[in-house]
Amino acid sequence: MTLLDVAQRAGVSVATASRVLNGGDRVPRPELQERVKAAADELGYTPNAQAQALAKSSTNLVGILVHDIEDPYFAAIANGVMRAADERNLLVMMASTFRDSDREIAYLSSLRAQRARAAVMIGSRRTDADSLSRTASEVESFLNSGAGLALVSQSGMPAHTVEPDNRTGSADLARELVALGWRKFAVLGGPETLATARDRRAGFVDGLAEAGLQPVAIETGDFTRDGGYAAAEGLLDRHADVDCMFAVNDVMAVGAMSALRTRGVDVPGKLGVAGFDDIATLRDVWPGLTTVRLPLEQMGRRALELAIEGGDVTTETFKAEVVLRESTAKA
């Protein structure tokens with residue numbers, strides 16, 4: 001069935017049928033709308049999404065650009081975006097950028113070409129000036145197209161931003177661990193190029209400094225489970241004099257615990273371990289991992305709300321909460 005068939009059945013022009021089914025600035029009279037919709041139902045006609053986009057200047061499409069959907073941190077935030085989109089009858093298209101800024105820019109440009117209504121970019125803020133500049137340029141082009149946009153954990157862009165309070169959260173964790181009696185800390189600090197990792201490292205160091213302490217070692221590496229495993233192995237191989245490891249995200253902490261288990265190091269009897277994020281998979285980790293909890297799904301929901309609402313650019317910060325578990329319990 002075509003739009004012409006619907007128009008003929010309803011006894012209206014093709015232009016009128018298009019305005020009813022595809023939208024547009026001019027709204028036909030209610031009785032014409034009823035005739036066209038009834039004809040479309042009788043014929044089983046499905047409106048063309050591209051035609052609707054042309055008529056309305058946008059679609060019901062929402063894009064989610066996420067650094068790594070395998071990472072439970074990003075998956076939880078994306079889940080919040082998708083649930084909020086579903087409540088608004090919006091269609092979600094999701095792409096994983098694998099932390100590649102060129103791919104992120106290309107995906108955002110593609111969403112702009114498809115007249116997406118809005119997009120949410122979920123990632124860990126980078127420090128490379130060139131990639132930040134090119135991303136900011138595409139963000140401006142996307143917004144100038146009339147679409148909405150919000151970013152999660154990527155401040156510094158000319159768009160709405162949802163930020164976790166990384167620095168304060170890790171500083172609070174350091175204070176709690178010192179209060180438990182831990183003194184010789186190693187920080188599994190993730191990559192130097194990610195500002196999120198740097199903020200969490202810096203906050204933890206600040207918290208230790210309040211007690212007159214400083215880390216025995218800071219290990220950089222990938223922001224992944226394998227990165228945590230390798231960093232912990234490196235510390236063990238060097239016989240570093242530490243009694244507690246802080247990983248700047250939970251997946252690194254889980255990797256570190258696996259390395260310690262492989263080497264026969266008891267947690268927390270010999271070494272304490274703590275992470276950051278409180279991802280859902282921690283429910284299956286033993287001993288329970290001490291961490292810093294972020295309201296990840298709520299952050300995703302709010303990001304979509306900001307993207308849809310538009311308005312003046314704003315940054316909203318979500319508080320972090322220390323959660324003490326068995327991995328840092330002192331006998």
- Task: Carefully, step by step, assess Phe318 and Val162 under the rule side-chain contact (heavy atoms from CB on, under 4.5 Å).
- Result: CA-CA 7 Å; Phe318 281 72; Val162 170; 3.5 Å; yes

- Message: Working note: Leu111 + Leu65, criterion side-chain contact (heavy atoms from CB on, under 4.5 Å); need CA distance, chi angles, decisive distance, verdict.
- Response: CA-CA 10 Å; Leu111 287 169; Leu65 306 183; 4.1 Å; yes

- Under the side-chain contact (heavy atoms from CB on, under 4.5 Å) rule, what do Thr314 and Asp312 come out as? Steps first, then yes or no, please. CA-CA 6 Å; Thr314 184; Asp312 294 336; over 6 Å; no

- Task: Would you please test Thr196 and Asn166 for side-chain contact (heavy atoms from CB on, under 4.5 Å) and show each step?
- Result: CA-CA 7 Å; Thr196 297; Asn166 289 313; 3.8 Å; yes

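Judged as a salt bridge (charged side-chain N to carboxylate O under 4.0 Å, His left out), not a single pair has a partner in residues 279-292 (not counting sequence neighbours). A salt bridge (charged side-chain N to carboxylate O under 4.0 Å, His left out) check over residues 212-236, counting only residues at least two apart or in different chains, returns the pairs Glu219-Arg238, Glu233-Arg263. Legend: salt bridge (charged side-chain N to carboxylate O under 4.0 Å, His left out) pairs involving residues 35-46, not counting sequence neighbours, sorted by first then second residue: Arg9-Glu42.
Under the 4.5 Å side-chain heavy-atom criterion for ILVMFWY residues, a single connected hydrophobic cluster contains both Tyr107 and Leu151. Placement of Val242 and Val178 within a single hydrophobic cluster is found when ILVMFWY residues are connected by side-chain heavy-atom separations under 4.5 Å, directly or transitively. At a threshold of 4.5 Å between side-chain heavy atoms, the hydrophobic network of Ile, Leu, Val, Met, Phe, Trp and Tyr places Leu236 and Tyr229 in two separate groups.
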Side-chain donor-acceptor distances from residues 71-84 under 3.5 Å, at least two apart:
| from | atom 1 | to | atom 2 | distance (Å) |
| --- | --- | --- | --- | --- |
| Asp71 | OD1 | Tyr73 | N | 2.8 |
| Tyr73 | OH | Ser153 | OG | 3.0 |
| Asn79 | ND2 | Glu297 | OE1 | 3.1 |

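Thr291 pairs in a side chain to side chain donor-acceptor pair (under 3.5 Å) with only one of the listed residues (Asp250, Asp277, Asn249), which is Asp250.
Checking side-chain atoms of Thr317 against main-chain N and O of Thr315 turns up no donor-acceptor pair under 3.5 Å. The backbone N or O of Ser137 sits less than 3.5 Å from a side-chain atom of Ser141, completing a donor-acceptor pair. With Trp182 contributing its side chain and Thr328 its backbone, the two residues share a donor-acceptor pair below 3.5 Å. Side chain of Thr220 to main chain of Pro191: no donor-acceptor pair is present (N/O by atom type, distance under 3.5 Å, no hydrogens or angles).
Summarising the geometry, atom CD1 belonging to Ile64 is positioned 8.0 Å from atom CG belonging to Leu304; distances are rounded to the nearest 0.5 Å. Rounded to the nearest 0.5 angstrom, Leu149 CG and Arg117 CZ are separated by 14.0 Å.
Shown here are the side chain to side chain contact (heavy atoms under 4.5 Å, CB included) partners of Arg134, two or more places apart in sequence or in another chain: Ser101, Asp102, Ile105, Asp130, Ser131. Looking at residues two or more places apart in sequence or on another chain, you find a side chain to side chain contact (heavy atoms under 4.5 Å, CB included) between Glu321 and Arg293.
Phe185 and Phe204 have perpendicular rings, their planes meeting at more than 60° on a 0 to 90° scale where under 30° would count as parallel.
Looking at every heavy atom in both residues, Gly275 comes nearest to Phe246 through O-CE1, 3.6 Å. Annotation for Met94 and Ile69: closest pair SD-CD1, 3.8 Å, computed over non-hydrogen atoms.
Remark: Lys319 does not engage Asp172 in a salt bridge, criterion side-chain N to carboxylate O under 4.0 Å.
Thr97 and Asp100 form no side-chain donor-acceptor contact under 3.5 Å, judged by distance and modelled atom types alone.
Heavy-atom neighbours of Glu70 CD from other residues, nucleotides or ligands within 6.0 Å: at or below the threshold of 12. The environment of Glu87 atom CD is dense: over 12 non-hydrogen atoms of other residues, nucleotides or ligands sit within 6.0 angstrom.
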